K.L.:
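Have a look at this one.
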Amino acid sequence: MSIPDDCNSSSGFDEGDLIRRIVAGDFVDPSTGQHVVLPIRAIRIATSLDGGEADLLAEAGITGRLALIADAHTWAALGRRVARNLRHSFRLDVIVLRHPKADEASERHLTERVGSADALVAVGAGTINDLVKAVAARSGRDYTVFATALSMNGYASNAVSLFTDEGMKTTRPACSPRGIFIDLNVAADAPLRLTCAGLGDSICRTTVQVDGLLSHQIFGTPYSETPFLLQSGDEGEMLAAARGYPGRDLAAYAALARILVLTGIGAAITGSTHCGSMSEHLVSHTIDMFAGDDHPGSLHGEQVGISTLAMAHLQSEVFGREAVPEIRATRFDSEAIRRRFGASGDACLAEFRHKVINALDAARLRDRLQELWPGLVASLRAKMRPLGDLVAALEAAGAPSTAADIALPVDTWREAVRYARVIRNRYTVLDLADDSGQLVPFVEGLR
Ligand SMILES: [Zn+2]
């Protein structure tokens with residue numbers, strides 16, 4: 001199964017033919033043979049979009065009274081310009097949030113403030129995008145996003161990540177935007193750290209695909225090649241071009257922008273975030289959930305980047321062995337989990353119990369692995385990108401590649417990798433490694 005070359009010839013500083021075909025409804029999902037139909041009406045990646053904002057909203061089918069939502073930084077970076085250029089064509093309310101967080105309290109606050117707006121315009125990146133997406137989904141409004149940074153891959157997805165009031169980082173269904181607009185000059189003016197975070201959030205294709213295929217082959221969980229095929233045309237270029245971020249090489253920014261958008265599209269097509277978030281994201285979420293005062297203020301994508309390297313390393317160890325792993329009943333301590341996760345401890349345990357296996361389950365899984373192992377590891381190895389390629393891209397961009405680089409205490413880092421498996425009912429290399437006695441020694445070796 002492959003995507004024909006002619007629909008992946010993304011060249012120059014634009015969104016590329018593949019994205020254009022998807023938006024036009026002209027893309028057939030090779031996994032299903034069905035035309036892909038998404039709510040996204042317009043995606044534009046260009047050197048500059050200055051002056052074209054109203055036309056872009058019209059192309060996205062946005063009408064009526066608008067609320068433009070930004071924070072102080074994204075207002076200065078792009079919001080002011082977008083507001084000025086939209087006021088000629090739209091009735092527009094401007095909401096500049098102070099210190100917004102991607103949590104339920106901020107969502108409630110924004111819901112009250114958007115008032116009678118018919119549609120929402122997000123100007124920002126991770127937090128603003130998630131908050132506006134969440135409010136749009138709850139209220140049934142259309143929204144579009146003008147990106148201010150290439151810091152994460154959630155622009156196109158139909159899910160939203162928010163902290164609950166109890167402190168649990170959750171992902172819940174939402175709706176993709178009507179339009180996604182990325183002005184590369186604006187993205188290249190964003191702090192380099194944000195772009196490096198976007199790279200970190202994108203290199204996880206390899207660990208995500210290996211975990212997804214592992215779960216599918218052992219347990220028959222849903223798995224589609226399509227999200228990964230979508231990225232295959234740009235991934236090599238994105239990694240090779242990462243060294244161009246510090247010098248504002250717009251071709252490098254365009255390659256990253258396409259991958260970020262295509263990752264979200266993959267989630268929207270499959271209706272699941274499994275294609276963009278597996279063991280490496282569990283580790284990152286766990287850092288956020290229990291680092292507490294030790295949290296160094298690192299960004300999601302920075303954490304995903306270093307977690308991806310760790311999980312790629314673990315996968316290469318676990319699936320590099322010819323011997324079938326000796327699976328045993330899951331050993332865990334409910335009280336220790338409650339202590340570590342505090343108010344969200346019970347919610348974690350509810351997720352984790354789906355994956356806990358007893359002695360009988362373990363015997364069955366051993367038999368299953370005995371039968372599958374040589375073919376399973378061969379198929380997983382075929383999806384892995386060499387760890388050295390990922391490290392080289394992060395280092396060339398100037399992105400963090402170790403826990404020390406993000407000032408995360410090594411004990412917190414080890415604890416996050418040790419306990420990440422409990423926060424989601426998603427089977428990954430962490431589960432196989434832990435139930436076969438390989439996780440604890442791996443964690444002890446982490447630096
Ligand atoms: Zn992510």
Side-chain angles (χ1 to χ4, degrees), residues 103-104 161-172 207 211-212 214-215 218-221 272-274 277-295 300 303-304 307 310-311 314-315 317-318 325-369 403 408-446:
D103 62 22
E104 291 179 332
S161 283
L162 292 181
F163 277 97
T164 64
D165 292 336
E166 291 74 37
M168 179 89 170
K169 181 131 183 176
T170 58
T171 301
R172 67 172 201 235
T207 49
D211 281 336
L214 170 74
S215 177
I218 298 180
F219 300 109
T221 50
S272 162
T273 58
H274 283 61
S277 167
M278 292 299 269
S279 56
E280 72 301 310
H281 270 73
L282 300 188
V283 173
S284 173
H285 293 340
T286 307
I287 292 170
D288 289 334
M289 286 167 68
F290 72 50
D293 292 341
D294 287 337
H295 199 295
H300 169 79
Q303 294 167 189
V304 171
S307 303
M311 293 302 97
L314 180 62
Q315 288 175 344
E317 282 195 1
V318 171
E326 274 295 312
I327 302 287
R328 301 282 173 223
T330 305
R331 292 198 298 183
F332 71 106
D333 177 345
S334 304
E335 281 316 305
I337 290 170
R338 285 197 184 92
R339 267 199 311 278
R340 280 181 171 82
F341 288 96
S344 53
D346 283 329
C348 288
L349 282 168
E351 290 280 325
F352 183 46
R353 285 192 199 285
H354 295 284
K355 300 191 292 186
V356 169
I357 54 173
N358 60 26
L360 185 60
D361 300 327
R364 288 197 187 113
L365 184 51
R366 276 199 303 275
D367 290 346
R368 179 98 179 109
L369 289 177
L408 184 68
V410 70
D411 289 344
T412 309
W413 170 227
R414 289 176 178 160
E415 288 265 289
V417 175
R418 174 76 188 83
Y419 284 94
R421 66 178 296 214
V422 312
I423 71 167
R424 288 275 197 291
N425 174 21
R426 231 167 242 212
Y427 193 85
T428 73
V429 66
L430 289 164
D431 299 294
L432 182 65
D434 200 18
D435 290 339
S436 59
Q438 299 177 78
L439 184 61
V440 169
F442 176 80
V443 164
E444 285 167 357
L446 284 173

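Everything numeric here is computed off the predicted structure, so don't read it as measured data. By convention here, the first residue in the shown sequence is residue 1.
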K.L.:
May I ask you to test the Glu326-Arg366 pair for a side-chain heavy-atom distance under 4.5 Å?
P.N.:
yes
K.L.:
Ion pair present between Glu335 and Arg338, side-chain N to carboxylate O less than 4.0 angstrom?
P.N.:
yes
K.L.:
Please test Val356 against Phe332 for side-chain contact (heavy atoms from CB on, under 4.5 Å), starting from the C-alpha separation and ending with a verdict.
P.N.:
CA-CA 9 Å; Val356 169; Phe332 71 106; 3.6 Å; yes
K.L.:
How about Leu432 and Leu369: do any of their side-chain heavy atoms sit closer than 4.5 Å?
P.N.:
yes
K.L.:
Do Met289 and Phe163 have side chains that get closer than 4.5 Å, going by heavy atoms?
P.N.:
yes
K.L.:
Taking Arg328 for the side chain and Gly437 for the main chain, is one N or O donor matched with an acceptor at less than 3.5 Å?
P.N.:
no
K.L.:
Is Val283 close to Gln303 at the side-chain level, that is, under 4.5 Å between some pair of heavy atoms?
P.N.:
no
K.L.:
Any heavy-atom pair between the side chains of Ile327 and Ile357 that's under 4.5 Å?
P.N.:
yes
K.L.:
Does any non-hydrogen side-chain atom of Leu430 lie less than 4.5 Å from one of Val417?
P.N.:
yes
K.L.:
When you look at Trp413 and Ile287, which way does the side-chain contact (heavy atoms from CB on, under 4.5 Å) test go after all the steps?
P.N.:
CA-CA 7 Å; Trp413 170 227; Ile287 292 170; 4.2 Å; yes
K.L.:
First locate atom CG of Asp367, then atom CZ of Arg364, and finally report the distance between them rounded to the nearest 0.5 Å.
P.N.:
9.5 Å
K.L.:
Looking at every heavy atom in both Val440 and Arg418, which two are closest together, and how far apart are they?
P.N.:
CG2-NE, 3.6 Å
K.L.:
Atom CG in Leu162, atom CE in Met168: separation rounded to 0.5 Å?
P.N.:
13.0 Å
K.L.:
Mind running side-chain contact (heavy atoms from CB on, under 4.5 Å) on Thr164 and Ser344 for me, showing each step along the way?
P.N.:
CA-CA 9 Å; Thr164 64; Ser344 53; 5.9 Å; no
K.L.:
Working to the nearest 0.5 angstrom, can you tell me the gap between Tyr427 OH and Thr221 OG1?
P.N.:
10.5 Å
K.L.:
Please verify the inter-ring angle class for His281 with His300; under 30° counts as parallel, over 60° as perpendicular, anything in between as tilted.
P.N.:
tilted
K.L.:
Please report the interatomic distance CD(Glu317) to CZ(Phe442), rounded to the nearest 0.5 Å.
P.N.:
6.0 Å
K.L.:
Out of Arg426, Arg424, Arg421, which one pairs with Asp431 under the salt bridge (Lys or Arg N to Asp or Glu O under 4.0 Å) rule?
P.N.:
Arg421
K.L.:
Less than 4.5 Å apart, side chain to side chain, heavy atoms only: is that true for Glu280 and Met278?
P.N.:
yes
K.L.:
With side chains defined as the heavy atoms from C-beta onward, is the minimum distance between Lys355 and Thr330 less than 4.5 Å?
P.N.:
no
K.L.:
Mind running side-chain contact (heavy atoms from CB on, under 4.5 Å) on Thr286 and Glu415 for me, showing each step along the way?
P.N.:
CA-CA 9 Å; Thr286 307; Glu415 288 265 289; over 6 Å; no
